[in-house]
Amino acid sequence: MPYWLMKSEPDEFSIANLQQLGTGRWDGVRNYQARNFLRNMTEGDLFFFYHSSCAVPGIAGIGKITRSAYQDPTALDPASPYYDAKATTSKNPWDAVDVGFVERFPVTLTLPQLKAQPALSQMPLVKKGSRLSVMPVTETEWQAVLSLR
DNA sequence: GCCAACGTTGGC
DNA sequence: GCCAACGTTGGC
């Protein structure tokens, strides 16, 4: 079963929000590489919930995929900040997945902490200049992160 | 708020 | 197909 990491700005949607709601839709991904990873997700996959663009960037918990990729409705909604004028119902390039809450870490595993782990050095997350918001995580990386909890 | 790094767009 | 300009991401 594959593992993933997905970034979200906690001001928009945080691990606490997911915990409260129990479930949510992961939408608004507007990058082709990230979208392709979304399409490779299957129900039951686990992912690290990463908080970006905030006071303490880092991994804040774990979620799971509860519905595999489907057309992202926000691309078709003119009122949405994620609206894409080029998307149509028959030709919508963007996908969303549904997610469920699994676990919230007692404390966020900070980016400097993650960068200090040799086992995580190959992750796009810790690489300079990388902006990829959805990425695969290897079994080794997954376990290395879990050991930091 | 700054700015480095990146992806996308569009003229040629 | 090249590449400059632009907009965005995201840490600091």
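Proteins get letters first, then strands, A, B, ... in listed order; numbering begins at 1 in each. Hydrogens, waters and symmetry mates are skipped; everything else that's a heavy atom, side chains included, is used.
- As a whole-Å value, the separation of A:Asn31 CG from B:dT9 C1' is 15 Å.
- Atom-to-atom, CD1 of A:Ile59 to C1' of C:dG11 comes out at 16 Å; the value is rounded to the nearest Å.
- Here the CD1 atom belonging to A:Ile62 is positioned 4.5 Å from the CH2 atom belonging to A:Trp142, to the nearest 0.5 angstrom.
- For A:Arg35 and B:dT8, the CZ to C1' distance is 14 Å, given to the nearest whole Å.
- Rounding to whole angstrom units, CG of residue A:Leu5 and C1' of C:dT9 are separated by 15 Å.
- The closest donor-acceptor contact from the side chain of A:Thr23 to the backbone of A:Val99 lies under 3.5 Å.
- When ring centroids are compared, A:Tyr70 and A:Trp94 stay outside the 6.0 Å threshold.
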Check the interface with nucleotides 1-4 of chain B: list each N/O to N/O pair with the protein under 3.5 Å, or write none.
none

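- Side-chain contact between A:Lys7 and A:Met135 is present, with at least one heavy-atom pair separated by less than 4.5 Å.
- In this structure, OH on A:Tyr50 lies 15.0 Å from CE on A:Met6, to the nearest 0.5 angstrom.
- One finds no salt bridge joining A:Asp98 and A:Arg25 here, because no Lys/Arg side-chain nitrogen approaches an Asp/Glu carboxylate oxygen to under 4.0 Å.
- Between atom CD of residue A:Gln71 and atom CG of residue A:Asp27 there is a gap of 13.0 Å, rounded to the nearest 0.5 Å.
- A donor-acceptor contact shorter than 3.5 Å is absent between the side chain of A:Gln19 and the backbone of A:Ala16.
- Distances shown here put every side-chain N or O of A:Tyr50 at or beyond 4.0 Å from the OP1 or OP2 atom of C:dT9.
- A:Gln33 places its CD atom 15 Å from the C1' atom of B:dA5, with the value rounded to the nearest Å.
- Between A:Tyr32 atom OH and B:dC6 atom C1' the separation is 16 Å, expressed in whole Å.
- Near DNA chain C, meaning a heavy atom under 4.0 Å away, the residues from residues 110-127 of chain A are A:Leu111, A:Lys115.
- The backbone N or O of A:Thr88 sits nowhere less than 3.5 Å from a side-chain atom of A:Asn92 that would complete a donor-acceptor pair.
- We find that NZ of A:Lys7 is positioned 11 Å from C1' of B:dC6, with the value rounded to whole Å.
- Rounded to a whole Å, the CZ atom of A:Arg30 is 18 Å from the P atom of B:dG7.
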